[in-house]
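To start, the structure itself, in structure tokens.
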Amino acid sequence: MLSVLAALLLATRALAQEPAVEEDPAVKYTGRIVALRTLIAPRGGLPQEDLEPLLRVQQDSRYNPQAVRQDVAMLHRVLDFAQVEVEVEDWVAFDENGEPIPAVRVEYRVFPPPRLTDFEIEGNHAIGRRPLAASMGLAVGDPFFPDDVERVRAGALKAYAELGYPRAVVSPSAETDDEGRVHLVVRIEEGEPDRLDEIRVGGGGALSELEIRVVLARLGLFPGRTWTDGRLASAREELTTILRRRGWYEGRVAVQVDPTEGRRRLVVLVDPRRRWTITVDGKGLPGRRAVAERLDLASGARPSRRFGEEAGRTLTAGLVEQGHLEADVQVALEERDDAVQLTVTGRAGPRHRLGKAEWTGTTVYSSRYLTDALREASPEAIGRGRISPEAVDAALEVVQEFYRSQGYLSAHLKRASFKERAQKEDSGARVVPVDIRVNVDAGPQALLHHIGTDVPVPGVDTEAMFADMQDKPLNPAEVDLRCRRIVEALAEEIGRAHV
């Protein structure tokens, strides 16, 4: 029993002699007066412009850990500093009676990143120094970190691969001195390029060999020249476009290099599959080319059981967008082993145009002004005499934004009616006017009384920038635009373009 008590006594004494755990500065200093706040760069690199107004932690303010974190993030982002250190320690301030009170001192230490002073490129023959440096992203004066070596290597390898040198070896090495100056040497072994030995083509009866070879030659693909995956892809895309433009909408083109028997043979195979024929029968319906474009057949047709039904809806919707509200289109698809027949029937019906527009409610502006604004808001539809409920609703959203740009921030516009004018039976009218009624609730108008920044911005007179907007209708979009200009001016002022 005594031995247990003795052990407990020794353990208690040991705990009593252990040093107290240091309190977290975020808790210890929060709320204290910042008696002194400094910003230093031991290795230099601070811009000539005064950065003090940009810091949230200011002398005589209350210490806030969140403000410190925001300052560190700002210094990293704005000045491209590689490292930002913060030192916070006890300090003394004096109250109104001259009595000392606990305070805090905050010091930011910033260290600029290493920068590329000069670079050398050795062993490059197929690519000149300037385009190769651009491919590697090299520019004297830019920050350069150890990880950037791999970026340089990858950029050079990509440039050589695109030129037909897939076996190039790139060896960059960088040395950084005590002043943060980086000297880079890039050594290159280009290796042997891949050159084509011969070309074989098969047009499948849809494209002639001459047509195919002309496309290949235009892309620099012929015997004795290098090739790249990018140029092969371009050849495939161009040949596929020609194939489908002629009605072979299911056709496929393969362009690849076959290295068998020690020879690099470029092989082009065209599989046209079935040729499509489009027939259009109906008054006012789009032509064959317009049908193909609307159905996007050039992207590759894939017939299905519901192809005709879906195609009919697509063509009908296209006519409705053009103001033919009574359009009705049917599509029939007849498939054979070697061909496809696409038959389009139906009618477009009369085109509907805007007749009379009635504006009700707190409109503020005249009916004529708003009707003109509606046409301007929909130049491709209403402006061209084509009207539909969807076109009216889309235009009203634009006019509503106009109201809000004039300070009517709660403005709301809604289509109340969309009515065709009565026509005589069997009149055969090709154009039918449509009268609409729009309810407008403009709401109160907001005026801009004052706008400013919470801290001064170096090199920018914010008061002058917003002077012409004072006591005028508030335009949120214009305020946002000018705030962006302040950010751009600030970036230019401190010599960086990515604030």
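Basis for what follows: all heavy atoms, side chains included, without hydrogens, waters or symmetry-related copies.
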- Can you name the nearest heavy-atom pair linking A442 to V364, along with the distance? CB-CG2, 3.6 Å

- Side-chain contact test, heavy atoms from C-beta onward, threshold under 4.5 Å: evaluate it for L243 versus V270 and give yes or no. yes

- Are the charged groups of R415 and D393 less than 4.0 angstrom apart, N to O? yes

- Message: Is the shortest side-chain heavy-atom distance between V57 and Y108 below 4.5 Å?
- Response: yes

- Walk me through it: do D258 and Q256 pass the test side chain to side chain donor-acceptor pair (under 3.5 Å)? CA-CA 6 Å; D258 181 11; Q256 60 187 16; over 6 Å; no

- Message: For a side chain to side chain contact (heavy atoms under 4.5 Å, CB included) check, start with the C-alpha distance between D142 and V140, then their side-chain angles and the critical distance, and finish with the verdict.
- Response: CA-CA 6 Å; D142 281 357; V140 173; over 6 Å; no

- Message: Using the rule given for side chain to side chain contact (heavy atoms under 4.5 Å, CB included), can you reason through Y403 versus T363, listing the C-alpha separation, both sets of side-chain angles and the distance that settles it, and then say yes or no?
- Response: CA-CA 10 Å; Y403 267 88; T363 59; 4.3 Å; yes

- Where do R294 and E321 land on the salt bridge (Lys or Arg N to Asp or Glu O under 4.0 Å) test, with the steps shown first? CA-CA 12 Å; R294 184 68 186 183; E321 290 176 2; 3.7 Å; yes

- Message: Please check this pair: side chain of R404 against backbone of A411, looking for a donor-acceptor N/O pair closer than 3.5 Å.
- Response: yes

- Message: Is there a side chain to side chain contact (heavy atoms under 4.5 Å, CB included) between L325 and S388? Walk through the geometry before answering.
- Response: CA-CA 7 Å; L325 304 183; S388 66; 3.7 Å; yes

- At their closest point, which heavy atom of A298 faces which heavy atom of Y249, and how far apart are they? N-CD2, 4.2 Å

- Compare all side-chain heavy atoms of L54 with those of M74 and state whether any distance is below 4.5 angstrom. yes

- Beyond-backbone contact of R56 with Q66, side-chain heavy atoms, under 4.5 angstrom: no

- Item | Salt-bridge contact E209-R213 (side-chain N to carboxylate O under 4.0 Å) | yes

- Task: Please work out which of the three classes, parallel, tilted or perpendicular, describes the rings of Y369 and F402, given edges at 30° and 60°.
- Result: tilted

- Note on the structure: When rounded to the nearest 0.5 Å, the distance separating CD1 of I212 from CD1 of I199 is 11.0 Å

- Between the side chains of D194 and T226, does any donor sit under 3.5 Å from an acceptor? no

- Query: Strictly by modelled atom types, are W359 and T371 linked by a side-chain donor-acceptor pair under 3.5 Å?
  - Reply: yes

- Query: Within the distance-only criterion (no hydrogens, no angle test), does the side chain of S61 pair as donor or acceptor with the backbone N or O of Q58 below 3.5 angstrom?
  - Reply: yes

- Item | E211 (side chain) donor-acceptor with S208 (main chain) under 3.5 angstrom | yes

- Note on the structure: In short, P143 meets R115 closest at the heavy-atom pair CD-NH1, 3.2 Å

- Mark yes or no for whether Q400, through its side chain, and L413, through its backbone, hold a donor-acceptor pair below 3.5 Å. yes

- Side-chain touch H324/H352, heavy atoms, less than 4.5 angstrom: no

- Let me see the working for R289 and E293 under salt bridge (Lys or Arg N to Asp or Glu O under 4.0 Å), right down to the final yes or no. CA-CA 6 Å; R289 180 174 297 180; E293 291 178 357; 5.4 Å; no

- Query: At their closest point, which heavy atom of T228 faces which heavy atom of A161, and how far apart are they?
  - Reply: CG2-O, 3.4 Å

- Query: Does E326 use its side chain to pair, donor to acceptor, with the backbone of P350 at less than 3.5 Å?
  - Reply: no

- Nearest 0.5 Å, what's the SG-CZ distance between C483 and F466? 4.5 Å

- Walk me through it: do D229 and R236 pass the test salt bridge (Lys or Arg N to Asp or Glu O under 4.0 Å)? CA-CA 11 Å; D229 291 340; R236 180 171 55 253; over 6 Å; no

- Could you tell me whether the side chains of W276 and Q341 share a donor-acceptor contact shorter than 3.5 Å? no

- Task: Report the distance from atom CZ of R306 to atom CD of E309, rounding to the nearest 0.5 Å.
- Result: 4.5 Å

- Message: We want to know whether H449 and Q470 form a side-chain donor-acceptor pair, criterion being a heavy-atom distance below 3.5 angstrom.
- Response: no

- Closest contact, heavy atoms only, Q406 versus Q445: O-NE2, 2.9 Å

- Could you check if a side-chain atom of L269 sits within less than 4.5 angstrom of a side-chain atom of V253, using non-hydrogen atoms only? no

- Message: Out of the candidates V215, V201, V268, I242, only one should pair with L207 under the side-chain contact (heavy atoms from CB on, under 4.5 Å) rule; please name it.
- Response: I242

- Query: Measuring from R130:CZ to S135:OG, what's the distance to the nearest 0.5 Å?
  - Reply: 13.0 Å

- Message: Strictly below 4.0 Å, N to O, side chains only: are D480 and R484 in salt-bridge contact?
- Response: yes

- Can you tell me if N124 uses its side chain to pair, donor with acceptor, with the backbone of I127 under 3.5 Å? yes

- Query: Can you name the nearest heavy-atom pair linking L409 to A446, along with the distance?
  - Reply: CD1-CB, 4.1 Å

- Message: Within the 4.5 Å heavy-atom criterion, are V340 and F307 side-chain neighbours or not?
- Response: no

- Please round to the nearest 0.5 Å and tell me the distance separating atom CG of L75 and atom CD of Q70. 12.0 Å

- For V329, does its backbone N or O pair with a side-chain atom of T316 as donor and acceptor, under 3.5 Å? yes

- Would you say P65 and R69 make side-chain contact, with heavy atoms under 4.5 Å? yes

- Go through E335 and R305 one step at a time and tell me if the salt bridge (Lys or Arg N to Asp or Glu O under 4.0 Å) criterion holds. CA-CA 11 Å; E335 298 186 65; R305 288 182 300 176; over 6 Å; no

- Task: Without swapping roles, check the side chain of R274 against the backbone of R336 for a donor-acceptor pair under 3.5 Å.
- Result: yes

- Does D435 reach the main-chain N or O of K419 with its side chain, forming a donor-acceptor pair under 3.5 Å? no

- Give a yes or no on whether the ring-centroid distance for F119 and F144 is below 6.0 angstrom. no

- Message: Check this for me: does any side-chain nitrogen of one of R386 and E380 sit under 4.0 Å from a carboxylate oxygen of the other?
- Response: no

- Task: Run the salt-bridge test on R275 and D338 with the 4.0 Å N-O cut-off and return the result as yes or no.
- Result: no

- Do K356 and E358 sit within salt-bridge range, that is, some charged N less than 4.0 Å from a carboxylate O? no

- Message: Between H412 and D441 (side chain of the first, backbone of the second, donor and acceptor by atom type, cut-off under 3.5 Å), is there such a pair?
- Response: no

- Query: So does D468 pair up with R482, basic N to acidic O under 4.0 Å?
  - Reply: yes

- Intermediate values then yes/no, side chain to side chain contact (heavy atoms under 4.5 Å, CB included), V344 and L285: CA-CA 8 Å; V344 180; L285 296 182; 4.2 Å; yes

- Task: Could you grab the distance from atom OG1 of T360 to atom CG of N439, nearest 0.5 Å is fine?
- Result: 3.5 Å

